[in-house]
Every structure is written in structure tokens, then in C-alpha cells.
Peer 1: 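Here's a structure for you.
Naming convention: chains lettered A, B, ... in sequence-line order (proteins, then strands); numbering from 1 in each chain. Here the structure is a predicted model, which means the values were calculated and not measured.
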Amino acid sequence: MDSSPSPSPVSGDDVGEVLLDWSETAARDLPWRGPDVDPWAVLVSEVMLQQTPVARVEPVWREWMARWPSPAALAAVSPAEVIRAWGKLGYPRRALRLRETAVALVERHQGAVPADVAALEALPGIGTYTARAVACFGHGQPQPVVDTNVRRVVARLVHGRAEAGTARTSDLADVAALAPAEPERAVRFSVAVMELGALVCVARTPRCAACPVREVCAWRLAGCPAPDGPARRVQKFAGTDRQVRGRLLDVLRAAEGPVPAPLLDEAWADAVQRSRCLDSLLVDGLVEQTPDGRFRLPA
DNA sequence: AAACCGTGGGC
DNA sequence: TGCCCAAGGTT
């Protein structure tokens, strides 16, 4: 039979293959993607990447891998050391949970990172996304992986919506339906979809002209309709407890030893809010009080 | 289910 | 400038 003279559009069946091909040249060469990266290194990267941009994670991740190349190594150090090494990645409870995860891996998994999704989800700070990412990228399992990028790609490509909206359990099945059957390709496909969302199918100004699947994108075919649902409101930061907690922790991170309360007073003027935030940091285990009443990162 | 948990860069 | 957003998880 003669081949078709017109360029063949991307059919629904090979979206996965097209994304795979695209990612061969377009995907970033991130350090936690290398062939020599073990599951622990992947786990650490994934936790750091929770709500934190790649560029800020990279240098810290390299430092952590050099210092604590195994769960046992991290499990052996104090929370204070881990919190300091976390630096200003944000959401420092992640650092505590990462250390707790390291302890759990030593105690319950012989110091190794399990490949089982349920076992991973049982670890502190490891949820639906991170568990599958570790199983997939760390252990080579063909797991569907759904993060904010993938939710956005699925919303547009599959459902023709402009925005992802709230997470849906069906997202997992939606990506799985696009994935190649062959396990090794399915793993690379999971990387590819995330890359598409991170580089092309971005939130604010999608670069549709550069999209490898624009011809089959339900959102484009529908004429790129505007978002329909209620605009999700963005979290305030200035003046919130999050900012105050950050200020307080900043003082404690910088200090050599225990800090007397008056020094913390300088971090935030409002005494009521300051006190509330210090209490919450104590409850979270990010701060502890010495017998003489001073404050420090937990030894 | 919705609110909370840091921080900084881009537009 | 102020808003939007970033490889989520927990409560």
C-alpha cells in the first residue's frame, strides 16, 4: 500500500510513544535521573522537590548525597544537623520526616528503600506521588506517577480543561492509559509526561507551538477554553504564621548554641503571634527548649 | 475538604 | 508591585 502523502497526525494510541521520542531530546539532564542513582538518592530528591523548584533543590541534594549517601548515614545524625542542612528549601518538616524515614528504613527495611508502593507510602512524608516516583524512578517499576505537572497535562490533553483543578483519583488511571506497555518504556514515559508539564504544558503560558502532542490535545481541539471552575486562591504568605515560623527558625539555624528568648523577640514584633509560632515549632519537633529556658534546634 | 506548612523567582 | 507558581503531605 502507498504511504499517506499527508503528515500523519498523532493518533490517540501512540501519545505515549510520541512523548517518549520527544523526551529523548527535550528532557533535562537532571542529576537524580542518572543510571547510577540509587533509590535512596531518588527518594531524597523527590522529597526535596515537593513544592520546591528544581534549581533550588539541586545544590542541596548534591550536598546531602555526599554527606548521607545511605539511609543509615542520615539516620545517625541529629535533627538539628538535618534542619541546618535543609537550609532554606522551605517546609522544614520535610527534613525531619526524611530523617524519620531514614530511621524507619534502618529499623524495618534493613537500611534499604523498599520497591513496594504500599511500604513506601507507610513512611513519614511519603504520599501517593512520592511513593510511586520512588518505585518508578528509583526501582524501575512501571508505575503511573501523578504530580502537579501530570495533572495539568491530563486535564488538557485528555479532558480538554484549561486547569487541573483538585486532584482526582482517576488521574492515575488516565496517565496509565497513555503509558506504553513495555515496562522500561513505561518508566521513561512517566519521566516524559512530567517533563512535558514542566517545560511545555506549563501553568501560565503553555508553549503549545512546541508541544509534540498538540494535534491530539483535547484542550486545543476545543479551542483552548478558559478555566471554568472557581479560581483557586493562592496562599498568602506575608504576615502569616508560616513567615513567622520561618523567621524564628532562621535565627535558630544561624545560632551556634541555644538562643535566649529576647533574641527571638527580634524575629517578629507581635508577641502573641510569635509565641504561638514558637509553640507550634516545639510541637512539630523543629525546636526544643533547654533546661535553662533557651531555645535551639533539636539535638 | 479545605487549610496549613516556607521560600524565592518570574512576569 | 503583587500575584502566581513550584516533582505534596498531613490533618
Peer 1: For a quick test of reading the model, state the closest non-hydrogen atom pair linking A:Leu199 to A:Ala26 and the distance between them.
Peer 2: CD1-O, 3.6 Å

Peer 1: So, A:Glu46 versus A:Tyr129: side-chain donor-acceptor pair below 3.5 Å or not?
Peer 2: yes

Peer 1: If you group Ile, Leu, Val, Met, Phe, Trp and Tyr by side-chain heavy-atom gaps below 4.5 Å, do A:Val153 and A:Phe137 land in one group?
Peer 2: yes

Peer 1: Around A:Arg67, counting heavy atoms of other residues, nucleotides and ligands shown, do more than 12 lie under 6.0 Å from its CZ?
Peer 2: yes

Peer 1: Between which nucleotides of DNA chain B, 5' to 3', does chain A make heavy-atom contacts below 4.0 Å?
Peer 2: B:dA3 to B:dG10

Peer 1: Given A:Trp64, which of A:Trp40, A:Trp86, A:Trp32 fulfils the ring pair (Phe, Tyr, Trp, His ring centres under 6.0 Å) condition?
Peer 2: A:Trp86

Peer 1: Any base atoms under 4.0 Å from A:Arg132, or only sugar-phosphate, or nothing? Heavy atoms, all strands.
Peer 2: nothing

Peer 1: Roughly how many Å is it from CH2 in A:Trp32 to P in C:dA7, rounded to a whole number?
Peer 2: 11 Å

Peer 1: Among A:Thr101, A:Thr130, A:Val113, find the one that has a side chain to side chain contact (heavy atoms under 4.5 Å, CB included) with A:Leu120.
Peer 2: A:Val113

Peer 1: Heavy atoms under 4.0 Å, any strand shown: does A:Thr240 hit a base, just sugar-phosphate, or nothing?
Peer 2: nothing

Peer 1: Say you pick atom P in B:dA3 and the same atom in C:dA7; how far apart are they, in whole Å?
Peer 2: 23 Å

Peer 1: If hydrophobic clusters are built from ILVMFWY residues whose side chains come within less than 4.5 Å, do A:Leu172 and A:Val191 share one?
Peer 2: yes

Peer 1: Pull out every residue in residues 189-210 of chain A that has a heavy atom closer than 4.0 Å to any atom of DNA chain B, ordered by number, or say none.
Peer 2: A:Arg204

Peer 1: Give the intermediate values and the outcome of side chain to side chain donor-acceptor pair (under 3.5 Å) for residues A:Arg245 and A:Ser280.
Peer 2: CA-CA 8 Å; A:Arg245 284 165 55 104; A:Ser280 75; 2.7 Å; yes

Peer 1: Which part of the nucleic acid does A:Leu96 contact within heavy-atom distance under 4.0 Å: base, sugar-phosphate only, or nothing?
Peer 2: nothing

Peer 1: What's the CG-P distance between A:Asp29 and C:dA7, to the nearest Å?
Peer 2: 18 Å

Peer 1: So what does A:Thr166 touch, heavy atoms closer than 4.0 Å: a base, only the sugar-phosphate, or nothing?
Peer 2: nothing

Peer 1: Can you hop from A:Trp22 to A:Val187 via hydrophobic side chains spaced under 4.5 Å?
Peer 2: no

Peer 1: What residues, two or more places apart in sequence or in another chain, satisfy salt bridge (charged side-chain N to carboxylate O under 4.0 Å, His left out) together with A:Arg28?
Peer 2: A:Glu195

Peer 1: Which residues in residues 262-278 of chain A have at least one heavy atom lying under 4.0 Å from any atom of DNA chain C?
Peer 2: none

Peer 1: Tell me whether the count of non-hydrogen atoms from other residues, nucleotides or ligands lying under 6.0 Å of CZ in A:Arg84 goes above 12.
Peer 2: yes

Peer 1: Please report the distance, rounded to the nearest Å, between CZ in A:Arg28 and C1' in C:dA6.
Peer 2: 11 Å

Peer 1: Using atom CZ of A:Arg151 as one end and atom C1' of C:dG9 as the other, report the distance to the nearest whole Å.
Peer 2: 13 Å

Peer 1: Which whole-number value in Å describes the distance from A:Tyr91 OH to C:dT10 P?
Peer 2: 14 Å

Peer 1: Roughly how many Å apart are B:dG8 and C:dT1, using the C1' atom of each and rounding to a whole number?
Peer 2: 15 Å

Peer 1: Would you mind reading off the distance between A:Glu163 atom CD and C:dC4 atom P, rounded to a whole angstrom?
Peer 2: 11 Å

Peer 1: So what does A:Arg168 hit on the nucleic acid, given a heavy-atom distance under 4.0 Å: a base, only sugar-phosphate, or nothing?
Peer 2: nothing

Peer 1: By the 4.0 Å heavy-atom rule, please label A:Gln243 as base, sugar-phosphate, or nothing.
Peer 2: nothing

Peer 1: Using a 4.0 Å cut-off on heavy atoms, which residues in residues 133-144 of chain A reach DNA chain C? List them by number, or say none.
Peer 2: none

Peer 1: Near DNA chain B, under 4.0 Å by heavy atom, which residues of residues 37-71 of chain A?
Peer 2: A:Gln51, A:Thr52, A:Arg56

Peer 1: Rounded off to whole Å, could you give me the CG-to-P distance for the A:Leu172 and C:dA7 pair?
Peer 2: 18 Å

Peer 1: Counting any heavy atom closer than 4.0 Å, what does A:Gly127 reach on the DNA or RNA strands: base, sugar-phosphate only, or nothing?
Peer 2: sugar-phosphate

Peer 1: Provide, to the nearest angstrom, the distance between the CG atom belonging to A:Leu89 and the P atom belonging to C:dG9.
Peer 2: 16 Å

Peer 1: So, OP1 or OP2 of C:dA6: does either fall under 4.0 Å of a side-chain N or O from A:Arg152?
Peer 2: yes

Peer 1: Taking side chain as C-beta onward, heavy atoms only, is A:Gln289 less than 4.5 Å from A:Arg294?
Peer 2: no

Peer 1: With clusters defined by side-chain heavy atoms of hydrophobic residues (ILVMFWY) lying less than 4.5 Å apart, directly or transitively, does A:Val47 cluster with A:Val54?
Peer 2: yes

Peer 1: Do you reckon A:Leu157 sits in the same ILVMFWY cluster as A:Val202, going by side-chain contacts under 4.5 Å, direct or chained?
Peer 2: no

Peer 1: Give A:Asp284 one of three labels, base, sugar-phosphate or nothing, depending on what nucleic acid heavy atoms sit under 4.0 Å from its own.
Peer 2: nothing

